[in-house]
There are 2 protein chains.
Amino acid sequence: MQSPIWRDPVTAADRVLLEIQKAIVEGQIAPGSKISEPELAKRYDLSRAPLREALARLERCHLIERTPNAGARVVKLSVAGLVSLYQLRETLEGLACRLAAEHMSDDEIAQVQELLDQHLSTQRVREGESYYQEAGDVDFHYRIILGSKNPYLINLLCDELYFLVRMYRVQLGMNGPRVSRAFDEHKAIINAIANRDGELADLLMRRHIGASRRNIENHFKQQGN
Amino acid sequence: MQSPIWRDPVTAADRVLLEIQKAIVEGQIAPGSKISEPELAKRYDLSRAPLREALARLERCHLIERTPNAGARVVKLSVAGLVSLYQLRETLEGLACRLAAEHMSDDEIAQVQELLDQHLSTQRVREGESYYQEAGDVDFHYRIILGSKNPYLINLLCDELYFLVRMYRVQLGMNGPRVSRAFDEHKAIINAIANRDGELADLLMRRHIGASRRNIENHFKQQGN
DNA sequence: CTGCATGATATTGTCGACAATTTGTAATGA
DNA sequence: TCATTACAAATTGTCGACAATATCATGCAG
């Protein structure tokens with residue numbers, strides 16, 4: 001990935017972007033709170049120029065919202081926002097599946113299957129440890145998306161939507177009874193791709209993400225907010 | 001629309017963004033050419049700060065590509081790029097149709113139908129005048145997209161993909177024998193939405209855009225490049 | 001003659017200060 | 001008491017200059 005978000009940071013703006021991004025996703029900067037440029041510049045010890053560059057990129061991943069001459073605020077999480085976001089994700093990752101079934105090499109597919117087997121074993125060992133679960137999930141989806149070989153789609157899912165999705169998961173404390181089920185679903189998806197059945201992979205992926213959405217949606221309502 | 005692209009320009013960065021955007025879309029700044037910050041700053045008579053803000057937004061609509069410490073280049077048009085872009089568009093505007101069928105009010109739907117009738121009559125009068133055709137087409141798609149009521153989808157299609165789509169159409173000189181057929185297709189789509197048949201509207205929209213893509217694709221190959 | 005190191009030039013990244021605009025506050029009048 | 005206005009403070013937008021990096025040309029060794 002060569003995007004300004006995933007490349008290793010070469011510029012001051014890159015570095016501060018990663019830090020603020022993490023702080024927002026993990027809720028250390030509260031949703032809805034105002035972003036003060038002077039304050040952050042002082043906090044991260046740089047001038048406002050690279051900071052503003054970072055803010056522009058944060059707006060690009062929908063983590064903040066800016067209004068001219070009035071500054072930026074961290075996004076608020078809401079059920080409506082979650083639904084809108086996941087509607088997009090379902091469709092886009094479904095498309096990724098169809099394209100992956102067409103464009104992934106047998107080798108690449110085999111690697112993903114291998115990856116899943118690895119995850120399954122380590123997962124059994126570290127049962128319930130949600131970090132590994134999430135990392136594995138991210139890795140799986142990531143590979144399918146790259147497999148689509150569509151640069152716009154890749155950019156969209158990995159750069160512009162990924163962090164907001166992650167923010168919902170992190171801040172609503174997704175661990176999960178869904179873990180083992182998710183593994184089976186992943187397996188079914190990659191198998192469909194291996195059989196070059198894009199239609200089926202698309203359907204399974206949309207269901208997979210739909211289930212995930214309902215899961216988060218429940219946590220949301222349960223946990224108030 | 002409140003996005004930094006469609007709001008009327010309040011800041012210097014806004015203004016220069018519109019100018020450069022237009023220049024790139026219309027090919028006055030050649031595809032593949034390097035963007036020189038000092039040169040553009042002098043040309044548009046402002047400092048590099050707002051210019052760089054504008055460049056960040058141009059990157060966001062995929063009109064330029066930046067590499068750290070090395071500057072920006074205008075994107076090149078290619079068949080592969082066109083296909084990738086339209087794959088996305090088909091899926092996304094298909095989704096917009098499904099959502100629009102669910103969320104548009106009867107009033108909003110009636111307004112679009114009215115709009116189409118107006119376009120049909122003015123179009124007969126100004127036969128072949130591609131500007132009006134395109135404006136009408138844009139307007140139609142625009143309304144459906146807004147009708148989806150999904151802010152992420154709206155932002156994506158209207159802000160981040162719209163200008164690149166337009167660049168392909170403009171630079172490959174799309175006028176068209178497809179004009180009258182497109183009107184029929186629009187009519188069919190809004191009728192499906194009026195019947196609350198999201199599935200059908202989705203299908204028809206994907207076909208509509210697919211036909212458009214093949215059309216441009218032919219021009220591309222014909223015209224070399 | 002080709003390939004690589006070296007240095008001059010130009011471009012991008014960053015800084016601190018100033019200008020323009022908004023936000024918050026207090027005073028005024030109804 | 002409430003609304004409105006004027007003013008003060010703070011924040012964002014813009015500027016010009018400097019530092020860090022890349023690009024290009026030149027010269028040298030093989």
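In what follows, chains are A, B, ... by sequence order, proteins preceding strands, each numbered from 1.
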Distance-only donor-acceptor pairs under 3.5 Å for side chains of residues 41-49 of chain A, two or more places apart:
| unit_1 | atom_1 | unit_2 | atom_2 | d |
| --- | --- | --- | --- | --- |
| A/S47 | OG | A/A49 | N | 3.3 |
| A/R48 | NE | A/E37 | OE1 | 3.0 |
| A/R48 | NH2 | A/E37 | OE1 | 3.1 |

Does the protein touch nucleotides 8-22 of chain D at the base, only the backbone, or not at all? Give it as B, S and - per nucleotide, heavy atoms under 4.0 Å. ---SBBBB-B---SS
Is it true that the NZ or CZ of B/R166 lies under 6.0 Å from the centre of B/F163's six-membered ring and within 45 degrees of the ring axis? no
Residues 22-42 of chain A vs ring pair (Phe, Tyr, Trp, His ring centres under 6.0 Å), sequence neighbours excluded, gives none
Heavy-atom side-chain proximity of A/L161 to A/L164 below 4.5 angstrom: no
I want to check something: taking the side chain as every heavy atom from C-beta on, are B/E160 and A/E160 in contact at a cut-off of under 4.5 Å? yes
